[in-house]
Structure formats: structure tokens, C-alpha cells
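Heads up: the structure comes next, in C-alpha cells.
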Amino acid sequence: MIEVFSWPTPNGHKVHIMLEECGLPYRAVPVNIGAGEQFQPEFLRISPNNKIPALVDPQGPDGQPISLFESGAILVYLAGKTGRFLPAGDRQKYEVLQWLMFQMGGVGPMLGQAHHFRIYAPEKIEYVINRYSNEAKRLYGVIDKRLSQSRWLGGDEYSIADIATFPWLRSWQNQGVTLSDYPHLERWFNTIAERPAVQRGVKVLAELRQPLTDDKTRDILFGKAQYERR
């Protein structure tokens, strides 16, 4: 059985949703990032960047176990394993992959910064909040324009590009965005939210997540613990 080492965050939800969509049997192993479990040596062996999620498949491509970190790489791997949510044809495949890279290089990092400075930063700096809130709105606009021309991000079919992007947009209020300002994106968002596998995926480990209220957890997530060399 596949093991996914994860936590209920957008990057974790990507992989939970993909596993549910593919119907693969798996076990979700919680890695409590607020308690610093991502820094434990056994986790670093499979995720050297100390980030969730990571995946271990006992039946890898050559029949031997394989471990993977980075959510985008995991999605590509699972698509290849199952033959689902990534087209086989080169033209269609690269159409999907470019939007997957857009999520990994833009949507995730920039919306993560918007979350941090709008919600978690102890000092509210107007310049920083405006910078990342405006970038969030710009990215939503890029997605909305794409979805005015295409049913799904990667083309005519639901794909790993949609699976990767959707979880990051679930907290649109925290990003300073009004979803109805982006009608094509809103249509796409609501369509994905209705998928049973998506509804199951976003519930994985969800009961374990706690509000960020104490200084120790804040230091683990955002302070010096993040920057220690391991």
C-alpha cells in the first residue's frame, strides 16, 4: 500500500485528491509540521527539503520501492503509474505540464506569501501585504482568462494541473480575493469542489489541523527552526 506522509495543507491536499481520484489504496501518515515532525531524520530521508508531502510506493516502476518528495513530482508519478489525468500525446501532455509548472512556480509560492503576510506575520506591513495581495489577484486573472478559453487548465480534460491548483484557491478570502470577480475561475472551482474524490481528499487528516495560536508553533513554522542546517 502506498504511504503518503502529509498534513492538511494545500500541497498535502493535492496528493490526497490525486490518490482518491485514481482509486489507489493508500495510508496517510500525519507529519505534524507545527510540532516540527518534518525535521525528524526518518522524514528527511524521504523528503530532504523537510516539506510535506512525501510518498513511498512499495511497488515502484521496477517493482522495487520508490520514495518521492515535491507534490508536483508526486502527481506526475501517480499519473504515470495509473495512466490517468495526464494525456499520453506529447502536445496535450505538455499543455497540462506547463499549467502544473505555473501552479508550482507561481500559484503556490505567491499565494503562500499572501497567506503569510495577511494572516500570520506578527507585523502587518502595508507594502508587503499589497504586493502579495495584488499578485494573488493577478494570478487569479491569469487563471480566469485561461478558463474563458478552455474548460480545464490543461485543455479539454480534467488533469493534474487542475488537481494541483484547486487546493490553493480554497482560501481565496485569506488572499484578499473575491471569487465572483473571476467568473470563469469560479465555474471551474465549483465544478471541482463537487467531485466526490475531491471532497474526500480535502478531508484527509483535516481533523488534526489546529489554529496557530502559540509562539512555539509559530517559531517552528516561520522562525529559526526552518533555517537550521540538517
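Counting begins at 1 with the first residue of the sequence. Predicted model only: the values in this text are computed from it and were never measured.
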Open item on the list: Nearest 0.5 Å, please: how far is CD in Gln173 from CD1 in Ile119?
Closed with: 10.0 Å
Open item on the list: Under the ring-ring contact (aromatic ring centres under 6.0 Å, His included) test against Tyr140, which residue among Trp188, Tyr182, Phe189 passes?
Closed with: Tyr182
Open item on the list: Just checking Lys124: does its NZ atom have more than 12 heavy atoms from other residues, nucleotides or ligands closer to it than 6.0 angstrom?
Closed with: yes
Open item on the list: Assess whether a salt bridge exists between Arg146 and Glu95, defined as any Lys/Arg side-chain N lying under 4.0 Å from an Asp/Glu carboxylate O.
Closed with: yes
Open item on the list: A quick test of your reading: do over 12 heavy atoms of other residues, nucleotides or ligands sit less than 6.0 Å from CZ of Phe222?
Closed with: yes
- [ ] Report yes if the side chains of Val56 and Ile2 come closer than 4.5 Å at any heavy-atom pair, otherwise no.
- [x] no
- [ ] Look at the side chain of Arg187 and the backbone N and O of Leu147, then say whether any donor-acceptor pair between them is shorter than 3.5 Å.
- [x] yes
- [ ] With the side chain counted from C-beta on, respond yes when Leu97 and Leu86 share a heavy-atom pair under 4.5 Å apart, and no when they do not.
- [x] yes
Task: Common cluster, Val31/Phe39, ILVMFWY with side-chain heavy-atom separation under 4.5 Å - done: no
- [ ] For the pair Glu157 and Arg151, find out whether any cationic side-chain nitrogen is under 4.0 Å from an anionic carboxylate oxygen.
- [x] no
- [ ] Apply the test side chain to side chain contact (heavy atoms under 4.5 Å, CB included) to residues Glu3 and Ile46: give CA-CA distance (whole Å), side-chain angles for both, the deciding distance (0.1 Å), then the verdict.
- [x] CA-CA 12 Å; Glu3 290 186 312; Ile46 59 173; over 6 Å; no
TODO: Say whether Val29 and Leu68 are linked into one hydrophobic cluster, either directly or through other cluster members, by side-chain heavy-atom distances under 4.5 angstrom.
DONE: yes
Open item on the list: Nearest 0.5 Å, please: how far is NZ in Lys51 from CG in Leu44?
Closed with: 11.5 Å
Open item on the list: On a heavy-atom basis, which atom in Tyr26 and which in His16 lie closest, and how many Å separate them?
Closed with: OH-O, 4.2 Å
Open item on the list: Test your reading of the model: is there a side-chain donor-acceptor pair from Ser150 to the backbone of Gly155, 3.5 Å cut-off?
Closed with: yes
Open item on the list: Tell me if the CZ atom of Arg91 is crowded by more than 12 foreign heavy atoms within 6.0 Å.
Closed with: no
Task: Side chain proximity check, Val198 to Glu20, heavy atoms < 4.5 angstrom - done: no
TODO: Please report the C-alpha distance between Phe85 and Leu78 in whole Å, then the side-chain angles of each, then the deciding distance to 0.1 Å, and finally whether the side chain to side chain contact (heavy atoms under 4.5 Å, CB included) criterion is met.
DONE: CA-CA 9 Å; Phe85 307 115; Leu78 293 173; over 6 Å; no
Task: Beyond-backbone contact of Gln98 with Phe102, side-chain heavy atoms, under 4.5 angstrom - done: no
Task: Check: Glu37 side chain, Asn32 main-chain N or O, donor-acceptor pair, under 3.5 Å - done: yes
TODO: Could you tell me whether Asp219 and Lys224 have a side-chain N and a carboxylate O separated by less than 4.0 Å?
DONE: no
Task: Residue from Trp152, Trp99, Phe166 passing ring-ring contact (aromatic ring centres under 6.0 Å, His included) with Tyr158 - done: Trp152
- [ ] Apply side chain to side chain contact (heavy atoms under 4.5 Å, CB included) to Thr165 and Leu153, showing your working.
- [x] CA-CA 9 Å; Thr165 305; Leu153 283 173; 3.5 Å; yes
Task: Side chain proximity check, Phe69 to Asn49, heavy atoms < 4.5 angstrom - done: yes
Task: Residue pair Ile66 / Pro61: nearest heavy atoms and the distance that separates them - done: CD1-CD, 4.0 Å
Task: Pro30 vs Trp7 side-chain heavy atoms within contact, under 4.5 Å - done: yes
TODO: Mark yes or no for whether Thr178, through its side chain, and Ser180, through its backbone, hold a donor-acceptor pair below 3.5 Å.
DONE: no
TODO: Give the minimum heavy-atom separation between Leu111 and Ala136, together with the two atoms involved.
DONE: CD2-CB, 3.4 Å
Task: hydrophobic_cluster_shared for Met1 and Ile17, side chain cutoff 4.5 Å - done: no
Open item on the list: I need the single residue from His115, Lys137, Glu135, Arg118 that forms a side-chain hydrogen bond (donor to acceptor under 3.5 Å, both in side chains) with Gln175. Which is it?
Closed with: His115
Open item on the list: Using a 3.5 Å distance criterion without hydrogens, assess whether the side chain of Ser148 forms a donor-acceptor pair with backbone atoms of Lys145.
Closed with: yes
Task: Minimum heavy-atom distance between Ile74 and Pro53, given as atom pair plus value - done: CD1-O, 3.9 Å
Task: Distance-only donor-acceptor check, side chains Lys14 and Gln103, under 3.5 Å - done: yes
Task: Straight-line distance of Glu186 CD to Thr191 OG1, nearest 0.5 Å - done: 10.5 Å
Task: Heavy-atom side-chain contact between Ile163 and Val15 under 4.5 Å - done: no
Open item on the list: With a 4.5 Å cut-off on side-chain heavy atoms, are Ser6 and Leu205 touching?
Closed with: yes
TODO: Look at the side chain of Lys81 and the backbone N and O of Gln59, then say whether any donor-acceptor pair between them is shorter than 3.5 Å.
DONE: yes
TODO: Mind listing the closest non-hydrogen atom pair of Pro10 and Pro167 along with its distance?
DONE: O-CB, 3.6 Å
Open item on the list: Count I, L, V, M, F, W, Y as connected when their side-chain heavy atoms are under 4.5 Å apart, and connections chain through other members. Are Tyr94 and Val76 then in the same cluster?
Closed with: yes
Task: Residue Glu228 excluded, over 12 heavy atoms near CD under 6.0 Å - done: yes
Task: Test item: Asp162 side-chain N/O and Ser159 main-chain N/O as donor-acceptor pair under 3.5 Å - done: yes
Open item on the list: Taking Asn174's backbone N and O only, do any of them form a donor-acceptor pair with Ser171's side chain (distance below 3.5 Å, no angle check)?
Closed with: no
Open item on the list: Can you confirm whether more than 12 heavy atoms, excluding those of Arg84, are under 6.0 Å from its CZ atom?
Closed with: yes
Task: Hydrophobic cluster identity match, Leu139 and Ile192, side-chain contacts under 4.5 Å - done: yes
Open item on the list: Between Gln38 and Ile33 (side chain of the first, backbone of the second, donor and acceptor by atom type, cut-off under 3.5 Å), is there such a pair?
Closed with: yes
Task: Residue pair Val4, Arg27: steps toward the side chain to side chain contact (heavy atoms under 4.5 Å, CB included) verdict - done: CA-CA 6 Å; Val4 56; Arg27 182 169 74 95; over 6 Å; no
Open item on the list: Using 0.5 Å steps for rounding, measure from the CD atom of Glu70 to the OG atom of Ser47.
Closed with: 7.5 Å
TODO: Check whether more than 12 heavy atoms from other residues, nucleotides or ligands sit under 6.0 Å from atom CG of Asp214, and answer yes or no.
DONE: yes
Task: Heavy-atom closest contact (Ala161 atom, Val96 atom, distance) - done: CB-O, 3.8 Å
Task: Contacts of type salt bridge (Lys or Arg N to Asp or Glu O under 4.0 Å), residue Lys93, not counting sequence neighbours - done: Asp90
TODO: Would you give the length of the straight line joining atom CD1 of Ile125 to atom OH of Tyr132, rounded to the nearest 0.5 angstrom?
DONE: 11.0 Å
Open item on the list: Strictly distance-based, threshold 3.5 Å: is any side-chain N or O of Asp144 a donor or acceptor partner for the main-chain N or O of His184?
Closed with: yes
Open item on the list: Distance check, rounded to the nearest 0.5 Å: Arg170 atom CZ versus Leu179 atom CG?
Closed with: 12.5 Å
